[in-house]
Structures are given as structure tokens and as C-alpha cells.
Amino acid sequence: MSKPEPVEVSNFIRNLIEADVNAGKHDGQVVTRFPPEPNGYLHIGHAKSICLNFGMASRFNGRCNLRFDDTNPVRESEEYALAIKEDVSWLGFEWDELRHASDYFEQLYDYACELIRQGKAYVDSSSAEELRALRGTLTEPGTPGPYRERSVEENLDLFQRMRAGEFADGTHVLRAKIDLSSGNMNLRDPTLYRIRKVTHIRTGDAWPIYPMYDYTHCLSDAIEGITHSLCTLEFEDHRPLYNWVLEQLTTPGQPEQTEFARLSLEYTVLSKRRLIQLVEENHVHSWDDPRMPTITGFRRRGYTPESIRDFCERIGVTKNDAWIEMVILENSIRDQLNVEAPRRMAVLEPVKVVITDLDDDYTETLSFANHPQDESAGRRDIGFSKEIWIDRDDFAENPPPKYQRLVLGGEVRLRGCYVIKCNDIIKDADGNIVELHCTHDAQTLGKKPEGRKVKGVIHWVCARQGVNAEVRMYEPLFTVPDPGSAESFSSVINPDSEKVMTRCVVEPSLATAAPETHFQFERLGYFVTDRRDHNKELPVFNRTVTLRDTWAK
RNA sequence: UGGGCCGUCGCCAAGCGGUUAAGGCACCGGGUUUUGAUCCCGGCAUUCGGAAGUUCGAAUCUUCCCGGCCCAGCCA
């Protein structure tokens with residue numbers, strides 16, 4: 001069997017970079033960067049950007065930096081920075097250099113002084129409210145405020161004193177002097193620096209002023225020699241500002257920004273605000289809750305780096321506002337685990353089956369293939385005795401049409417074992433099924449039964465050998481495709497997104513598996529030993545994804 | 001209503017003036033199967049948001065129209 005080989009998909013960014021390389025632009029070099037702000041955990045949308053940036057660099061023998069966009073200390077923390085590094089590494093990417101926008105604060109400051117000297121930037125002492133009023137609206141131009149024509153000397157003096165910490169937060173900003181009547185709001189004298197007397201995760205209290213994203217990003221790109229600055233569509237009308245800053249200044253490089261559509265995934269949310277809300281309002285247990293669309297959440301759920309990269313390959317890169325169906329992601333992990341995951345048997349809701357025509361001390365050892373299509377996966381022994389567990393769902397007193405599992409008076413194949421027939425249902429005083437009494441056909445081990453067809457096959461676990469385990473079943477967190485557009489979560493949260501089953505019985509070998517080991521529980525789906533809670537005493541499995549089920553539909 | 005974008009099969013997505021308009025997912029058959037899984041075979045856009053136009057020839061060029069997304073943080 002071969003692993004799914006991701007085919008190289010053409011997209012407009014790849015075409016563009018290829019054309020640049022062929023034309024000898026940037027000396028044929030390709031340098032990209034992944035620039036997260038350390039103010040939250042990475043999610044599957046970031047994975048798209050990571051795969052694109054690292055992928056393009058690797059495809060064209062270039063480099064990709066990891067750069068923390070740490071220009072707003074009020075929202076950033078070291079915890080997030082650590083988690084981001086771990087997630088990028090886990091996804092399988094190695095950055096060329098680890099950089100921070102804050103590495104460039106001194107250069108950025110010098111560049112700002114240069115803009116002031118050129119008369120292209122000025123200190124505005126209006127309040128935030130006044131600035132907003134003066135900026136105009138989408139259809140009306142902005143109007144010049146009283147500080148727009150300050151002299152170079154005064155601006156320089158004020159800006160230096162801003163840096164020296166002489167002024168309180170909010171009293172002054174440095175603005176670029178561009179075009180107050182531009183249809184593009186970003187060009188109406190955008191703010192370049194604001195005063196924030198806040199401790200920064202890397203520079204501490206060295207700076208009372210911090211540069212804004214638009215001013216910082218283009219210069220950071222230029223300083224690092226980035227050739228292709230890839231970002232999402234909402235930055236499209238920031239590009240004129242990105243270019244304006246670089247045009248005014250003499251910088252080491254001439255990066256070019258290209259925008260692509262951010263990922264939208266059905267039945268989940270991908271905005272930082274919404275993700276934080278899920279954690280803070282306790283709709284999930286943590287950032288790495290297996291229901292979270294964070295990288296760390298998918299990891300705990302049992303997704304692999306390969307499957308996430310494969311997913312990013314499958315969805316493509318365009319400028320379309322695309323909504324990706326969850327099934328695309330699910331198929332990425334199914335396709336990998338179908339090939340790689342060893343098969344095991346686990347019973348989630350046990351019902352005891354007594355094989356009445358077997359002696360009480362009867363035992364037999366059966367050999368099972370770990371993978372039906374791959375002999376190299378090896379075999380294992382499984383015990384069989386008079387009492388076994390089967391799943392509640394695999395017996396029906398009143399079977400629906402086309403039901404092919406066990407029914408009273410009917411036969412079913414125990415996977416890898418004998419065909420059994422159900423003769424009696426034993427119930428307790430409340431009418432609950434306690435035991436099923438069956439007989440077995442001794443001629444059916446490894447052989448088809450004679451004179452009749454038995455279509456159904458069910459999984460089982462030997463009652464003597466079975467080990468108690470906890471299995472966590474997951475379903476989508478939301479009940480609607482676009483929960484982000486709902487006014488509140490309460491109306492769109494799926495109350496059954498997590499179901500913890502504690503009475504499960506699994507094959508003994510499963511208990512000793514290391515955390516983050518993937519298995520297929522036959523007929524049930526793919527499961528992973530929980531990264532944090534799994535142990536020998538209490539094995540814990542998370543359902544990554546079900547098997548495709550054409551019958552359920 | 002100012003500015004910037006986007007519209008190819010149910011969901012993605014190739015295509016860049018001459019192709020029978022790739023491919024994946026989903027779906028619908030049929031075969032294999034001791035997982036209702038996997039695997040295999042077949043089907044699935046005379047048509048590219050709409051209308052004009054240019055051209056021997058248009059999804060690809062032009063114009064207009066329709067629909068959708070983004071922008072008025074001292075956030076990124």
C-alpha cells in the first residue's frame with residue numbers, strides 16, 4: 001500500500017512566484033515568512049498560511065522565517081509565542097530564522113525620523129475621537145486637523161520626546177502625511193506610532209511607543225529580505241500603504257505583497273475573538289480541547305501533521321470566498337489512517353454475550369491481522385472464551401429494515417471468529433437487556449457457514465481479557481455551517497459535541513499504547529490515545545473521526 | 001453612495017484566444033470483501049453569474065448589468 005501522495009496543485013501564487021523566479025526577479029531568490037502575532041493559539045486557518053509560506057519557500061529552494069508580529073504589547077504573551085513555535089514545528093516545518101518585529105524597533109524608529117525629516121510624517125496631538133471625526137467616512141473625504149502642518153523641527157522634537165516617555169498614553173501619535181481625501185481609508189494619514197506605556201514581552205520597558213502593523217510589517221519584510229509577502233485578502237487595500245512606506249525610504253529589499261483568501265471551514269469558527277470566547281465561556285475545556293479548530297486541538301483529537309498538510313493541499317489557494325466542507329478535512333485523516341493505523345477491537349457500550357454451547361473454562365487463542373490489506377503490519381493474538389462483549393448497537397430486538405447485525409433467532413459473524421446465533425434475551429426487572437445467550441457454529445472459524453449466507457460481521461472483546469477504558473466521542477461544536485455569524489453561541493452550540501463513555505472494553509494491548517498512538521477500532525472509526533490523560537490504569541481514547549458510513553445515510 | 005476585490009458542477013479547484021471544460025470531495029450505480037470500511041469499475045458542467053460586443057474561433061479580450069466579500073482601531 002502506498003501513502004497518499006499529495007499532488008502538486010497549481011495556484012495563482014505558485015504561478016506568480018515561478019514567473020518571478022524565471023524572470024530572475026530578486027536574483028531568483030524566494031524568501032517568505034509566517035508572521036503570527038503572539039496573542040492566541042494557531043488554528044487551522046493559520047495552517048493554510050503556514051503550508052503556503054513554508055511550502056513555497058521549499059518548492060523554490062528558498063527560505064521561510066518565523067516572525068512574531070509583536071507590536072502591540074497589551075495583547076501579547078510569551079505563553080502564546082511558545083505554543084506557536086511548538087505548533088509550527090509539530091506541523092513539520094523548520095523556519096530559517098526566528099525573528100521578531102521588535103528586533104527592528106530601533107531601525108523602525110530611525111526610519112520614522114527619516115519620514116519626519118522628509119515632511120512625510122507628523123505628530124498629531126488630537127484625541128482618538130477627534131482623529132476619527134477628522135478622518136471622514138467611506139464616502140466623504142477627511143479634513144486636515146490643526147497639527148498637520150507642524151514644522152519638521154517640532155515634529156522631530158515631539159517624536160523624540162514621545163520616545164523619551166515624556167507624554168501620557170493617547171496624547172500624541174505619529175501619522176504619515178499621505179492623502180486625506182483618498183478613497184482608500186488606509187491612506188488618510190494613517191497612524192504610524194502610538195504611545196503605550198506597557199511592558200513588552202521582549203523589550204520590557206525600553207519603549208513607551210510602539211509602531212503600528214502597517215508601518216512595521218513592510219519594513220520588517222524589507223529588512224529580512226522577504227521577496228514574497230503573502231497575506232490574507234483583508235490586507236488588500238493596505239498594499240498601497242505597504243508600498244508607500246517602502247517607496248519613501250531606502251531599504252535593503254523590495255518585498256511584494258500578494259493576498260489570498262483566508263480559510264472558512266463549515267461548522268466551526270476561525271476568528272481569534274470567537275476562539276477566545278469558546279475558551280472563556282467554557283464551551284470547551286481548553287485551547288487544546290479536541291473539539292477546537294486550533295492546531296493543538298486537532299493534534300489532541302488525533303489529526304496528524306501529514307493530514308493537515310494534505311488538507312491544505314486539497315483546498316487550494318485562490319482569492320475566492322470559499323467555504324470548505326468539514327468532510328474534506330475528515331477525509332484527509334481517514335486516508336492516512338486507513339493506510340497506517342493498526343486495527344483493534346473495542347466495545348463502547350458493552351452487552352454480554354454468553355456462548356452457551358461452550359464449557360465455562362473454554363479458551364481459544366485466535367490470530368488477527370493488524371491490517372487487512374498490509375501483511376507487514378503483523379498479527380496479534382486475541383483470546384476467545386464463553387463470555388464476550390459486543391456493542392449495544394449490534395443487537396436489535398426490533399431491527400430496522402436491512403439491519404444485518406444480531407437479532408433474536410438470527411446469525412452474525414464475530415469478526416475473526418465464529419458465526420453465532422442468538423437464542424435468548426435475558427432482561428432485568430426493568431426490562432433492560434442483561435445478557436444474550438447464543439450458540440456458535442464450530443465449523444465457521446475461517447470458513448463460510450454451509451448452506452446459508454451470513455452477511456453481518458460485528459466486533460467483540462473477550463470478557464476475560466477485555467480492559468476497561470474511557471472513550472471520548474466528538475461531534476461538531478456547532479449545529480450550523482456558519483456559527484460565526486450568529487449573534488450568540490448559545491443558539492448554535494451543539495450540546496452533544498462531547499460524549500464521554502466510561503464503560504468501554506478494549507483489547508488488552510490498547511492499554512499499554514503510548515499517548516498519541518493512532519488505531520482503527522474496527523467498524524467504529526479512528527481513535528487516538530489521549531495526549532494528556534491516557535495511562536495504563538485508565539486508558540483514554542479520543543475519536544478522531546468515524547469510518548465512512550454509507551448505511552447510516 | 002467612495003475605494004479595493006471575487007463569481008467555472010452540491011463543496012473546493014485547474015484553465016491565461018483553438019482542449020471532448022483537468023482533478024479532488026460529495027452523490028448515484030455495479031464488482032470484490034469475515035470492518036455496512038478499504039479497494040476496483042462506471043456515471044456525474046454542449047457549459048464557465050447574466051447580456052451585448054470584438055474575433056474565423058471566447059470560460060479566457062471589451063462594455064454594461066447582477067450577486068457576494070473587505071475597508072471609517074492610537075488591532076493585526
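Please read these numbers as outputs of a predicted model, since none were measured by experiment. In what follows, chains carry the letters A, B, and so on, assigned in the order in which the sequence lines appear, proteins first and then strands, with residues in each chain numbered from 1. Quick note: numbers below take in every heavy atom, side chains included, and nothing from hydrogens, waters or symmetry partners.
- Using a 4.0 Å heavy-atom criterion, one finds that A/Val412 contacts no nucleic acid atom at all.
- Nearest-nucleotide mapping onto RNA chain B: of A/Glu140 and A/Gly316, the residue sitting toward the 5' end is A/Glu140.
- Atom-to-atom, OH of A/Tyr210 to C1' of B/G73 comes out at 18 Å; the value is rounded to the nearest Å.
- Closest contact between the side chain of A/Leu547 and the listed nucleotides B/C6, B/G36, B/U35 involves B/U35.
- Residue contacts shown for A/Arg334 are absent, as no nucleic acid heavy atom lies under 4.0 Å away.
- Against the 90° criterion about 0, the sugar-base torsion of B/G73 places it in the syn range.
- Of the nucleotides present, B/G50 is the one that pairs with B/C64 by Watson-Crick or G-U wobble criteria, both distances under 3.5 Å.
- Across all strands, A/Thr191 comes closer than 4.0 Å only to sugar-phosphate atoms, never to a base (heavy-atom distances).
- For the pair A/Arg33 CZ and B/A76 P, the computed distance is 15 Å after rounding to whole Å.
- The separation of B/G49 from B/G7, taken at their P atoms, amounts to 8 Å, rounded to a whole angstrom.
- Ring-centre distance between A/Tyr193 and A/His172: not below the 6.0 Å cut-off.
- Rounded to whole angstrom, the span from the CG atom of A/Leu524 across to the P atom of B/U35 amounts to 14 Å.
- Atom CG in A/Leu263 sits about 11 Å away from atom P in B/C12, given to the nearest Å.
- A/Ala128 comes within 4.0 angstrom of a nucleotide base, judged by non-hydrogen atoms across all strands.
- Separation of the C1' atoms belonging to B/U47 and B/U60 is 14 Å when rounded to the nearest angstrom.
- Using a 4.0 Å cut-off, some side-chain N or O of A/Thr318 falls inside it from OP1 or OP2 of B/A13.
- Using modelled atom types, no side-chain atom of A/His518 and backbone atom of A/Ala341 make a donor-acceptor pair closer than 3.5 Å.
- One P atom belongs to B/C48, the other to B/C61, and the distance between them is 15 Å to the nearest Å.
- When both pairing distances are held under 3.5 Å, B/C69 makes a Watson-Crick or G-U pair with B/G4.
- Of the P atoms belonging to B/C25 and B/A21, the separation is 23 Å, rounded to the nearest Å.
- Considering only side-chain N and O atoms, A/Asn39 lies nowhere under 4.0 angstrom from the phosphate OP1 or OP2 of B/A76.
- Both A/Lys447 and A/Arg239 lie near RNA chain B, and the one whose nearest nucleotide falls closer to the 5' end is A/Arg239.
- Around CD of A/Glu450, the count of heavy atoms belonging to other residues, nucleotides or ligands within 6.0 Å does not exceed 12.
- Note: CZ (A/Phe521) to P (B/A37) measures 20 Å, nearest angstrom.
- Under the 3.5 Å distance criterion, with hydrogens and angles disregarded, no donor-acceptor pair is assigned to the side chains of A/Asp70 and A/His100.
- Here the separation of B/G24 from B/C44, taken at their C1' atoms, is 14 Å to the nearest Å.
- The residues A/Arg239 and A/Glu256 are annotated as not salt-bridged, no charged nitrogen and carboxylate oxygen being separated by less than 4.0 angstrom.
- The side chain of A/Lys455 lies closest to B/U33 when the candidates are B/G15, B/A72, B/U33.
- Across the P atoms, B/G2 and B/C64 are found 14 Å apart, a figure rounded to whole Å.
- Distances shown here put a side-chain N or O of A/Thr550 below 4.0 Å from the OP1 or OP2 atom of B/A37.
- Partner assigned to B/G10 is B/C25, using Watson-Crick or G-U wobble distances below 3.5 angstrom.
- Out of B/A14, B/A76, B/U35, the shortest distance to the side chain of A/Arg343 is found at B/U35.
- A/Phe519 and A/Tyr526 have their aromatic ring centers separated by at least 6.0 angstrom.
- Among the protein residues, A/Lys448 comes within range of the sugar-phosphate backbone only, with heavy atoms under 4.0 Å from sugar or phosphate atoms but none that close to a base.
- Nucleic acid contact for A/Gly142: none, since no nucleic acid atom lies under 4.0 Å from a heavy atom of the residue.
- For B/C75, the OP1/OP2 oxygens have a side-chain nitrogen or oxygen of A/Arg194 closer than 4.0 Å.
- Across B/G50 and B/C39, the matching C1' atoms stand 44 Å from one another, rounded to whole Å.
- Enclosure of atom NZ in A/Lys421 is not indicated, since only 12 or fewer non-hydrogen atoms of other residues, nucleotides or ligands lie within 6.0 angstrom.
- Between A/Arg413 and B/U35, a side-chain N or O to OP1/OP2 separation shorter than 4.0 Å is absent.
- Within 4.0 Å of A/Pro372, counting heavy atoms only, lies at least one base atom of the nucleic acid.
- Applying the 3.5 Å distance criterion, the base of B/U35 shares no donor-acceptor pair with the side chain of A/Arg523.
- A sub-4.0 Å separation between OP1 or OP2 of B/A13 and a side-chain N or O of A/Asn320 is present.
- For the pair A/Phe12 CZ and B/G7 P, the interatomic distance rounds to 10 Å; values are reported in whole Å.
- Heavy atoms of A/Arg415 sit under 4.0 angstrom from at least one base atom.
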If you restrict it to nitrogen or oxygen atoms, what contacts under 3.5 Å exist between nucleotides 68-71 of chain B and the protein, and what is each distance?
from: B/C69; atom 1: O4'; to: A/Asp321; atom 2: OD2; distance (Å): 3.4

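- Atom pair A/Ile178:CD1 and B/G3:P shows a separation of 18 Å (rounding to whole Å applied).
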Take A/Arg334 and A/Asn331, measure what side-chain hydrogen bond (donor to acceptor under 3.5 Å, both in side chains) needs, and give me the verdict at the end. CA-CA 5 Å; A/Arg334 282 191 184 113; A/Asn331 283 332; 3.1 Å; yes
Let's go through A/Arg163 and A/Tyr109 carefully: what are the C-alpha distance in whole Å and the side-chain angles of both, what is the deciding distance for side-chain hydrogen bond (donor to acceptor under 3.5 Å, both in side chains) to 0.1 Å, and is it a yes or a no? CA-CA 9 Å; A/Arg163 180 192 180 159; A/Tyr109 176 81; 5.0 Å; no
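- You cannot call A/Tyr213 stacked on the base of B/A76; the centres under 5.5 Å and planes under 30° rule is not satisfied.
- Atom C1' of nucleotide B/C25 and atom CD of A/Glu313 are separated by 15 Å, given to the nearest angstrom.
- Listed pair A/Ser10 / B/G15 meets the phosphate criterion, a side-chain N or O lying under 4.0 Å from OP1 or OP2.
- Aromatic ring centroids of A/Tyr215 and A/Tyr242 lie 6.0 Å or more apart.
- With distances taken from any side-chain atom of A/Glu37 to the nucleotides B/A26, B/A76, B/G36, the minimum falls on B/A76.
- Other residues, nucleotides and ligands place no more than 12 heavy atoms under 6.0 Å from the CG atom of A/Asn398.
- For the C1' atoms, the distance from B/C40 to B/U46 is 30 Å, rounded to whole Å.
- Remark: the A/Arg405 side chain and the B/G36 base include a donor-acceptor N/O pair separated by less than 3.5 Å.
- A donor-acceptor pair under 3.5 Å is absent between the side-chain atoms of A/Arg415 and the main chain of A/Arg413, judged by distance alone.
- With distances taken from any side-chain atom of A/Asn15 to the nucleotides B/U35, B/C16, B/C25, the minimum falls on B/C16.
- In this structure, B/U38 makes no Watson-Crick or G-U wobble pair, since no nucleotide meets both defining distances under 3.5 angstrom.
- Not a single donor-acceptor pair, N or O on each side, falls under 3.5 Å between the base of B/U38 and the side chain of A/Arg548.
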